[in-house]
Amino acid sequence: MPPPTLARPGGPCLYPRAVPESRVPADDEPQFRYTAAMAQQIETKWQDEWERRGTFWAANPTGHLTDAAGRHADPAAGKFYVMDMFPYPSGKGLHVGHPLGYIATDVVGRYRRMQGDNVLHALGYDAFGLPAEQYALQTGRHPRLTTEDNIATMRAQLRRLGLAHDARRSFATTDESYVRWTQWVFLQMFNSWYDRDAPRRDGGRGAARPISELEEAFASGRKAVPGGGDWAAMDASARRRALNQFRLAYITDAPVNWAPGLGTVLANEEVTAEGRSERGNFPVFTKPLRQWNMRITAYAERLAADLDGVDWPEKVVAMQRNWIGRSTGATVDFKVAPGTGSPQAAAPDAVLTVFTTRPDTLFGATFMVVAPEHPLLAESTPSAWPKGAKAAWTGGHATPVEAVRAYAAAAAKKTAAERVAEGRGKSGVFTGLFAVNPVNDQPIPVFTADYVLMGYGTGAIMAVPAEDERDWEFAQAFDLPHVRTVQPPEDWQGGAWTGPGATINSANATISLNGLSVREASDGIVRWLAERGLGRETVTYRLRDWLFSRQRYWGEPFPIVYGADDQPIALPDEMLPVELPEVPDYRPRTFDPEDADSAPETPLARNAEWAHVRLDLGEGEQVYRRDTNTMPNWAGSCWYYLRYLDPAEAERIVDPAEEDYWLAPRADGDRAGGVDLYVGGVEHAVLHLLYARFWHKVLYDLGHVSGNEPFKRLFNQGYIQAHAYTDARGQYVAAEEVVEDAPGAFRHAPSGQPVTQEYGKMGKSLKNIVTPDDMYATYGADTFRLYEMSMGPLDVSRPWETRAVIGQLRFLQRLWRNAIDEATGEPAVSEAAPDEATAKLMHRVVAEVRQEMDAMRFNTAIARMIVLNNHLTGLAAAPRLAVETLVKLLAPVAPHIAEELWQRLGHAESLAREPYPQADPAYLAVETVTAVVQIQGKVRARLEVAPDISAAGLEAAALASPAVAAALGGRPVRRVIARPPRLVNLVV
RNA sequence: GCGCCAGUGGCGGAAUUGGCAGACGCGCAGGAUUUAGGUUCCUGUGCCCUCGGGCGUGCGGGUUCAAGUCCCGCCUGGCGCACCA
């Protein structure tokens with residue numbers, strides 16, 4: 001049903017004179033002046049009106065979501081999907097920094113809508129997470145209730161901004177109907193594997209496939225069962241165990257990041273370089289625990305390669321590439337045996353495989369290092385020191401077994417940060433083992449040291465001290481030799497030479513690398529190794545699998561149960577969603593932050609009744625144990641852009657017709673597809689944005705979405721910073737009470753004492769919070785929006801300056817006065833056509849504003865609008881055409897006053913879909929331009945010349961000018977550089 | 001340590017391609033209206049000046065007829081990475 005239009009189009013609107021607390025109006029103030037009070041009246045009126053009319057309802061191509069007139073989208077017409085990063089509904093309330101991105105996306109959305117695009121813009125809430133649990137504990141209320149309250153508060157605060165969102169499309173990740181599909185995606189991951197040979201829709205090879213295909217391959221013998229089992233002879237439990245090694249979501253006992261102080265395990269992405277938790281800054285220990293993982297490493301290659309196809313800030317692309325950390329090199333196999341005089345412990349055919357990016361230096365490998373967690377140590381460490389073991393190598397231990405065990409135990413007790421910090425001095429211990437260098441059959445000792453990481457490459461390296469600084473340091477510390485295989489420059493002082501150079505000392509009976517470049521030598525030795533089965537070209541990634549389970553309450557439960565064999569079993573789709581149970585205590589079980597021996601405990605396990613469930617999953621009715629972990633906060637934000645298409649969708653994750661309309665690649669050569677514009681802070685560069693891309697690619701492989709990428713264009717907005725002030729004792733004083741006596745000299749007015757200015761974040765403890773509500777009351781939402789958009793480029797951080805906001809209110813006041821008689825509220829425009837100068841300026845401003853808006857340079861767009869408005873202010877009466885043009889130009893940024901003026905100027909319809917002004921090229925032509933005459937590159941005169949003046953004509957005009965003649969003072973002109981029509985430079 | 005980005009009036013910023021440095025706004029100054037006040041209006045506002053002009057985009061060089069813009073070397077600030085073999 002189409003909503004009714006406004007009853008009295010263009011009629012006089014009389015407002016009661018509401019008086020904000022902050023201001024008492026003067027008696028002589030005109031009744032219809034645009035003040036903060038007037039702005040409030042206008043803004044709330046139009047917010048109600050837009051809601052009532054369904055002005056911003058976006059139409060889907062099918063289904064129940066139509067526009068306000070009941071129409072579906074026209075697939076042939078333009079569409080634009082603009083999205084903000086998912087807000088977390090905190091209980092703390094907003095400050096003026098929060099809405100920056102929301103205003104920007106609103107401006108873009110409104111601008112596109114005025115150009116005829118069907119614009120999808122909605123805002124949901126990412127509402128699971130630890131803060132809600134903590135807030136619930138403080139208030140004694142269930143997190144669901146506090147979360148709902150927070151969402152309501154945030155909605156109200158944002159509604160007052162006048163954002164053109166389609167409110168029907170809002171939702172929260174905590175909604176049962178949303179959790180159901182988050183769990184569904186998890187099960188898609190659980191029930192899939194990565195088939196490296198499967199052809200992909202985009203022409204590539206390698207894709208997620210249903211796990212049933214793998215079962216068939218095992219059953220038919222097309223693929224060997226790992227461990228060499230016979231599929232037919234295996235029972236259900238053994239089969240589950242085998243399949244678990246291939247699932248994209250799998251449970252495993254691997255070393256994970258355990259933060260006792262936080263009471264949960266964390267993903268690598270959530271651990272800082274210092275080895276502490278990003279949230280809470282607690283120490284993080286590496287500890288083997290049985291946890292859920294996502295096989296994101298299977299997508300490493302595509303996640304790196306497909307960055308070429310997205311329109312993202314280079315910085316974010318670089319951060320993702322660095323995180324994925326693709327590097328090419330070779331793996332090389334070394335035979336390993338205990339040294340002479342040591343009892344045989346290694347299997348005779350034990351092999352140690354290493355990864356290296358410098359296979360060309362293989363002849364210079366003088367020892368080996370394995371990570372303390374390397375499996376070779378447990379299997380093969382001999383029980384006595386061999387001959388040749390130097391005293392410095394043994395760490396004072398009686399046997400290698402003892403030495404290795406002590407070293408590994410010490411390493412496990414350290415946080416990652418400690419390992420790094422202490423590792424600069426290079427610790428380690430000899431393992432009693434020797435490896436044989438395959439190129440020269442030299443035995444070289446094998447050490448274990450924690451500067452080698454189990455998680456990267458093979459967890460083992462060949463050490464080449466002469467060409468690697470870390471190996472050099474280790475060799476120095478342990479009295480190990482080095483052999484140079486790359487010729488350093490003549491002036492080289494010694495130490496490891498990692499630069500380019502000719503290969504030396506690298507020949508055996510069948511190959512010589514001597515004289516070759518690094519590149520040539522690498523290629524040569526890899527070929528030699530490959531021919532003999534001793535090595536191969538290899539690509540490795542820094543990226544690890546994504547640790548996906550958390551020991552928290554307020555998150556999505558896993559739709560997984562365990563039978564007697566303790567192997568995970570998926571619940572059938574009909575049983576989704578698995579709802580969060582009530583528990584006696586939501587609190588995560590936390591420990592002494594330094595207690596590395598503690599182990600996680602899940603809050604969901606506290607509900608014993610829920611944790612066990614009687615089901616028939618095809619093997620007869622029995623009691624199963626539920627998984628009591630919850631998913632990380634990232635799960636909900638990995639696919640929310642699909643949910644805006646229809647949050648009521650109950651049959652499938654997304655309707656294919658809707659997905660195709662809003663997200664499919666459209667332009668030729670575009671494989672990515674995805675949201676047309678995604679605006680948010682840079683802090684999610686490798687967390688959310690990497691995870692969401694991964695999920696999207698899985699959904700792509702499984703046929704649920706039509707493009708490779710979820711976010712076609714990404715824009716990182718800057719942050720709004722703020723000044724804070726401290727007194728002599730270092731205490732913060734209220735920023736609003738500080739006055740500036742002279743540049744750089746600040747004083748706290750109430751106390752009179754001098755204070756020091758700091759620059760940084762806005763925060764309660766810094767006493768410099770300014771809220772949107774303050775701005776609404778003192779200036780109105782339009783002025784606030786205008787100010788935030790005019791402060792500077794959107795992608796740059798800049799300081800908030802409350803006193804500067806007034807400039808934008810003045811602009812709106814002047815615009816209002818150009819359109820409306822302040823005494824009567826009636827239109828004050830002239831009905832005559834604009835004069836020549838006004839028309840020309842108007843068209844030029846239109847052209848410039850469009851250009852700036854297209855490039856999202858709102859600050860300069862607004863500056864141009866002000867120029868036009870200032871011109872109109874100088875006229876006796878502003879022409880209607882010019883005022884209406886300006887109102888339309890401004891509408892995306894200051895929509896309420898624009899609607900109000902539009903209505904008062906006699907228009908019945910909202911201007912939300914009024915075509916954005918277009919410049920008439922006829923008016924952009926100019927009769928004369930100002931040419932500057934430079935002498936020796938300095939401006940000495942200005943001339944009005946025809947725009948099509950020739951170089952000769954310009955030169956003649958310049959030389960004929962008396963001002964130029966005076967400046968030349970009779971000096972002969974040696975050279976003339978004419979750049980008609982704007983510049984001529986005379987060289988004397 | 002390595003990499004990337006930035007540095008322009010008292011302040012936020014503009015100058016998209018080497019071609020008039022400082023658009024627009026704040027602040028400030030003067031004036032108007034007003035009993036008064038300013039969230040009103042108008043004018044001015046890079047610095048210096050002997051009123052001719054001179055100087056000026058972090059610093060020092062360079063290329064060019066011409067440099068905020070390009071090149072080289074520094075300084076300062078921010079961000080990212082940091083035993084990844």
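Reminder, nothing fancy here: chain letters follow the sequence lines and each chain counts from 1. Note that the structure is a prediction, hence the values are computed from the model and not measured.
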Q. Roughly how far apart, to the nearest Å, are B:G68 and B:G61 at atom P?
A. 15 Å

Q: Starting from the 5' end of RNA chain B, give me the residue, A:Thr860 or A:Trp323, whose nearest nucleotide shows up first.
A: A:Thr860

Q: Write down the partner of B:C51 under the Watson-Crick or G-U wobble criteria, each distance required to be under 3.5 Å.
A: none

Q. Side-chain N or O of A:Gln813 less than 4.0 angstrom from OP1 or OP2 on B:U39?
A. no

Q: Write down the partner of B:G18 under the Watson-Crick or G-U wobble criteria, each distance required to be under 3.5 Å.
A: none

(Q) Taking pairing as Watson-Crick or G-U wobble with both contacts under 3.5 Å, can you name the mate of B:G77, or confirm there isn't one? (A) B:C5

Q) Can you tell if the side chain of A:Val446 reaches within under 4.5 Å of the side chain of A:Phe367, non-hydrogen atoms only? A) no

Q.
When you measure only distances, ignoring hydrogens and angles, does the side chain of A:Lys426 come within 3.5 Å of the base of B:C83 through a donor and an acceptor?
A. yes

**Q.** Validation row: A:Arg326, A:Val539 side chains within 4.5 angstrom (heavy atoms)
**A.** yes

Q: Indicate, with a heavy-atom threshold strictly under 4.0 Å, whether A:Thr357 touches base, sugar-phosphate, or nothing.
A: sugar-phosphate

Q) Contact class for A:Thr783 (heavy atom, under 4.0 Å): base, sugar-phosphate, or nothing? A) nothing

Q | Strand partner of B:U64, provided both Watson-Crick or wobble distances fall under 3.5 Å | A | none

**Q.** Pairwise side-chain contact, A:Gln31 with A:Glu822, heavy-atom cut-off 4.5 Å (strictly under)
**A.** no

**Q.** Separation of B:G12 P from A:Leu786 CG (nearest whole Å)
**A.** 20 Å

Q. Can you tell me how far P in B:G13 sits from the matching atom in B:G7, rounded to whole Å?
A. 10 Å

Q | Nucleotide nearest A:Arg798 when distance is taken to its side chain, options B:A85, B:C79, B:G13 | A | B:G13

Q.
The side chain of A:Glu801 is closest to which nucleotide in this list: B:C11, B:C65, B:A82?
A. B:C11

Q. Within the distance-only criterion (no hydrogens, no angle test), does the side chain of A:Glu467 pair as donor or acceptor with the backbone N or O of A:Thr485 below 3.5 angstrom?
A. yes

Q | Parallel, tilted or perpendicular: rings of A:Phe447 and A:Phe474 (30°, 60°) | A | perpendicular

Q.
Taking the side chain as everything from C-beta on, heavy atoms only, tell me whether A:Tyr34 gets closer than 4.5 Å to A:Ile42.
A. yes

Q: Quote, to the nearest angstrom, the C1' distance that separates B:G58 from B:G78.
A: 15 Å

Q.
Quick check for you: among B:G13, B:U16, B:A85, whose closest atom lies nearest to any side-chain atom of A:Val796?
A. B:G13

Q. Do A:Ser327 and A:Tyr541 get their side chains close enough for a donor-acceptor pair, meaning under 3.5 Å?
A. no

Q. Expressed as a whole number of Å, how far does the P atom of B:G56 sit from that of B:G22?
A. 16 Å

Q.
Would the distance check show the side chain of A:Thr361 and the main-chain N or O of A:Gly364 forming a donor-acceptor pair, the cut-off being under 3.5 Å?
A. no

(Q) Over all strands shown, is A:Arg544 touching base, sugar-phosphate only, or nothing at heavy-atom distances under 4.0 angstrom? (A) base

Q | B:G10 versus B:A6 - spacing of their P atoms, nearest Å | A | 23 Å

Q | Any strand: nucleotide that pairs with B:G25 via Watson-Crick or wobble, under 3.5 Å | A | B:C11

Q) Taking O4'-C1'-N9-C4 for purines and O4'-C1'-N1-C2 for pyrimidines, is B:G22 syn (within 90° of 0) or anti? A) anti

Q. Contact class for A:Ala863 vs. all strands (heavy atom < 4.0 Å): base, sugar-phosphate, or nothing?
A. base

(Q) If you only use heavy atoms from C-beta on, which nucleotide in B:A85, B:G19, B:A21 is closest to the side chain of A:Ile977? (A) B:G19

Q: To the nearest Å, give me how far apart CE (A:Met791) and P (B:C26) are.
A: 14 Å

Q: Under 4.0 Å between any heavy atoms, over every strand shown, what does A:Thr540 touch: base, sugar-phosphate, or nothing? Just pick one.
A: nothing

**Q.** Exercise: do A:Thr297 and A:Asp545 side chains pair donor with acceptor under 3.5 Å
**A.** yes

Q.
Taking the minimum atom-to-atom distance to the side chain of A:Arg817, which one of B:C20, B:C41, B:U39 wins?
A. B:C41

Q) Starting at the 5' end of RNA chain B and moving along, which residue's nearest nucleotide shows up first, A:Arg864 or A:Pro799? A) A:Pro799

Q.
Please classify the nucleic acid contact of A:Gln934 as base, sugar-phosphate, or nothing, using heavy-atom distances under 4.0 Å.
A. base

(Q) For a quick test of reading the model: is some side-chain N or O of A:Arg542 closer than 4.0 Å to OP1 or OP2 of B:A82? (A) yes

Q: For B:C20 versus B:A67, give the span between their P atoms, rounded off to a whole number of Å.
A: 11 Å

(Q) Could you tell me how far apart A:Arg326 (CZ) and B:A85 (P) are, to the nearest whole angstrom? (A) 13 Å

Q) Atom CZ of A:Arg321 to atom P of B:C81: distance rounded to whole Å? A) 16 Å

(Q) Considering every strand and a 4.0 Å limit on heavy-atom distances, what is the contact class for A:Arg979: base, sugar-phosphate, or nothing? (A) base

(Q) Quick check on B:U40: is either OP1 or OP2 less than 4.0 Å from any side-chain nitrogen or oxygen of A:Arg810? (A) yes

Q.
Need the pair for B:C41. Rule: Watson-Crick or G-U wobble, both distances under 3.5 Å, any strand; none if unpaired.
A. B:G31

(Q) Taking the C1' atom in each of B:C42 and B:U33, what is the distance between them to the nearest angstrom? (A) 11 Å

(Q) Distance check needed: B:C65 P versus A:Arg975 CZ, whole Å only. (A) 5 Å

Q.
Within the 4.0 Å heavy-atom criterion, would you say A:Glu852 contacts the bases, only the backbone, or no part of the nucleic acid?
A. base

Q: May I ask you to say what A:Asp471 touches in the nucleic acid, namely base, sugar-phosphate or nothing, with a heavy-atom cut-off under 4.0 Å?
A: nothing

Q: May I have the distance from A:Ile324 (atom CD1) to B:C81 (atom P), rounded to whole angstrom?
A: 14 Å

Q: Looking at every strand, decide which applies to A:Asn985 at a 4.0 Å heavy-atom threshold: base, sugar-phosphate, or nothing.
A: base

Polar atom pairs (N or O), protein with nucleotides 49-57 of chain B, under 3.5 Å:
unit_1, atom_1, unit_2, atom_2, d
B:G54, OP1, A:Arg940, NH2, 3.4

Q: Rounded to the nearest angstrom, tell me the gap between atom CE in A:Met319 and atom P in B:C5.
A: 15 Å

Q | Nucleotide B:G25, atom P - distance to CG of A:Leu868 in whole Å | A | 13 Å

Q.
Can you tell me the base-pairing partner of B:C83? Count Watson-Crick or G-U wobble geometry only, both distances below 3.5 Å, and say none if there is no partner.
A. none

Q: Taking A:Thr860 for its side chain and A:Arg857 for its backbone only, find out whether a donor-acceptor pair lies under 3.5 Å.
A: yes

Q | Test item: A:Gln320 and A:Leu689 side chains (from C-beta on) under 4.5 Å apart, heavy atoms | A | yes

(Q) Anti or syn, where syn is a glycosidic angle within 90° of 0; which label fits B:G52? (A) syn

Q: Could you measure between the two P atoms, the one in B:G54 and the one in B:U40, and give it in whole Å?
A: 41 Å

Q. Which listed nucleotide (B:C81, B:A85, B:G25) is nearest to the side chain of A:Arg814?
A. B:G25

Q) When you check the gap from the basic side-chain N to the acidic O, do A:Lys426 and A:Asp471 get nearer than 4.0 Å? A) no

Q.
Nearest to the side chain of A:Ser327, heavy atoms from C-beta on, is which of B:A85, B:C81, B:C83?
A. B:A85

(Q) Taking only side-chain N and O atoms of A:Asn859, does any of them lie within less than 4.0 angstrom of OP1 or OP2 on B:C24? (A) no

**Q.** Residue A:Leu809, side-chain heavy atoms: nucleotide from B:C42, B:U39, B:A85 that is nearest
**A.** B:U39

